[in-house]
There are 2 protein chains.
Amino acid sequence: MKRSSKLSLALHALGHMAQEPARARTSEEIAAMHGTHAVVVRRVFAPLREAGILLSEKGHGGGWRLARPAAEISLADIYAAIGEPFLTATAFAPAPGHPCAIEAAMTETVSAAMVEAEAVIARHFAARTLADVAKVWGERAKSASHPTDSPL
Amino acid sequence: MKRSSKLSLALHALGHMAQEPARARTSEEIAAMHGTHAVVVRRVFAPLREAGILLSEKGHGGGWRLARPAAEISLADIYAAIGEPFLTATAFAPAPGHPCAIEAAMTETVSAAMVEAEAVIARHFAARTLADVAKVWGERAKSASHPTDSPL
DNA sequence: AGTCACGCAACTTATATAGTTACATGAAGC
DNA sequence: GCTTCATGTAACTATATAAGTTGCGTGACT
């Protein structure tokens with residue numbers, strides 16, 4: 001397990017959805033596309049719905065749809081909604097049971113580096129929308145890999 | 001478990017060692033200082049020894065010592081020797097069993113962001129030596145927290 | 001010889017996350 | 001109104017990763 005992550009699923013799926021925004025996709029469809037389980041898709045998509053990026057509909061013809069044009073959804077929006085940081089925050093639990101100035105100094109330095117790194121990532125993602133990625137896809141893959149937008 | 005990490009242990013311990021470089025510390029001592037196990041210390045320190053940052057000696061009076069002055073050991077040296085990246089590389093395993101242009105495009109974007117972020121961290125760490133941190137410690141904690149360099 | 005400390009391999013335990021099952025809710029079609 | 005399809009959610013299982021632990025070997029000092 002754990003061969004993938006929430007963010008990779010979200011980016012992959014929303015990238016596909018940006019290709020044909022009108023059509024709703026079921027969780028099953030998306031799960032098959034990404035090689036995972038429908039419940040996982042719902043779990044990952046729930047915060048995106050709450051963030052106003054996705055809409056979900058029940059019943060016949062239901063499924064998931066982009067809540068606004070792909071050009072108005074940046075990767076940063078998705079990243080922020082997921083809330084799963086790249087940086088392993090586990091790296092610095094404070095000293096167990098006793099304060100230590102040296103450890104504190106180290107933690108400060110590392111934290112500063114992490115904040116900087118996060119800012120870089122945020123900037124990077126903010127500069128790219130789903131539409132940008134869809135465009136790249138359109139330019140390079142008029143070939144055969146994903147004819148229109150079919151799963152698998 | 002996993003309340004700490006290799007890097008936090010290394011930085012914490014080497015920070016202390018930089019305070020009094022002449023004295024060798026046993027793995028037990030360091031483990032007590034960081035609230036972990038001596039074997040874990042040896043495991044984490046092994047690559048630092050191979051990288052020429054630490055020296056280890058067996059027998060009476062043995063233990064660990066800095067291989068060179070604290071001013072010549074940057075945090076980047078330690079970070080590189082540990083080889084444990086901050087950025088969760090798990091985030092992007094490729095598509096399971098089938099290529100997908102969209103996923104590839106997303107992966108490229110994310111990878112580029114990660115490379116940038118890594119560079120920021122590397123630069124940040126390269127600019128700080130163990131001696132710098134020891135100095136910070138010396139300036140702020142002439143008080144009581146760690147009288148000389150005692151564990152706990 | 002005896003003790004101390006690292007070196008290393010193997011095993012155990014803890015945790016996080018993906019995967020799965022099960023059931024409830026609501027919407028469309030008949 | 002009943003069935004079908006789809007999401008919503010909680011609970012459970014499986015697995016991968018990393019820390020913690022044990023045991024034994026080796027070298028060095030007394």
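In the text below, chain A, chain B and the rest are named by the order of the sequence lines, each starting its count at 1. Side-chain atoms are counted along with the backbone in the values below, which use heavy atoms only and exclude waters and symmetry mates.
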**Study point:** Derivation and outcome, side-chain contact (heavy atoms from CB on, under 4.5 Å), residues B:Ile102 and A:Gln19
**Key:** CA-CA 10 Å; B:Ile102 295 216; A:Gln19 296 302 125; 3.7 Å; yes
**Study point:** Phosphate OP1/OP2 of D:dA6 contacted by A:Ser56 side-chain N/O (<4.0 Å)
**Key:** no
Point to revise | ILVMFWY network linking A:Met114 to B:Val110, side-chain heavy atoms under 4.5 angstrom | key: yes
Practice item. Specify the separation, in whole Å, of atom CZ of A:Phe45 and atom P of D:dT9. Key: 15 Å
Set out, line by line, the N/O atom pairs under 3.5 Å between protein and nucleotides 21-24 of chain D.
from, atom 1, to, atom 2, distance (Å)
D:dT21, O4, B:Arg43, NH1, 3.2

Check your understanding: Over how many whole Å does the gap from A:His34 atom NE2 to C:dT17 atom C1' extend?
Key -> 13 Å
Revision key, fill the gap. To the nearest angstrom, the CD-P distance between B:Glu28 and D:dG20 comes to 14 Å
Review point. Who are the side-chain contact (heavy atoms from CB on, under 4.5 Å) partners of A:Glu28, not counting sequence neighbours?
Key: A:Thr26, A:Ala38
**Study point:** Residue pairs fulfilling salt bridge (Lys or Arg N to Asp or Glu O under 4.0 Å) with at least one residue in residues 32-56 of chain B, sequence neighbours excluded
**Key:** none
Practice item. Check whether any side-chain N or O of A:Thr26 sits under 4.0 Å from OP1 or OP2 of D:dA6, and answer yes or no. Key: no
Study note, to complete from the structure: Sorted by chain and number, sequence neighbours left out, salt bridge (charged side-chain N to carboxylate O under 4.0 Å, His left out) with B:Glu57 holds for B:Arg65
Review point. For A:Leu54 and D:dA6, what is the distance between atoms CG and P respectively, to the nearest whole Å?
Key: 17 Å
Exercise for review: For residues 70-82 of chain A, pull every pair meeting side chain to side chain donor-acceptor pair (under 3.5 Å), keeping only residues two or more places apart or in separate chains.
Suggested key: A:Arg68-A:Asp77, A:Ser74-A:Asp77, A:Tyr79-A:Glu118
Check your understanding: Mind checking what makes side-chain contact (heavy atoms from CB on, under 4.5 Å) contact with A:His60, not counting sequence neighbours?
Key -> none
Practice item. Round to the nearest Å and state the distance from B:Arg65 atom CZ to D:dA28 atom C1'. Key: 13 Å
Review point. Separation of B:Glu50 atom CD from C:dC6 atom P, in whole Å?
Key: 16 Å
Practice item. Considering only Ile, Leu, Val, Met, Phe, Trp and Tyr, and joining two whenever side-chain heavy atoms are under 4.5 Å apart, list the other residues clustered with B:Val115. Key: none
Point to revise | With A:Arg123 via side chain to side chain donor-acceptor pair (under 3.5 Å) - residues at least two apart | key: none
Point to revise | Length of the line joining B:Lys6:NZ and D:dA19:P, which is rounded to integer Å | key: 6 Å
Exercise for review: Send over the distance from A:Leu55 CG to D:dG8 P, rounded to a whole Å.
Suggested key: 11 Å
Study note, to complete from the structure: With B for base contact, S for sugar-phosphate-only contact and - for none (protein heavy atoms under 4.0 Å), nucleotides 24-30 of chain C reads -BBBB--
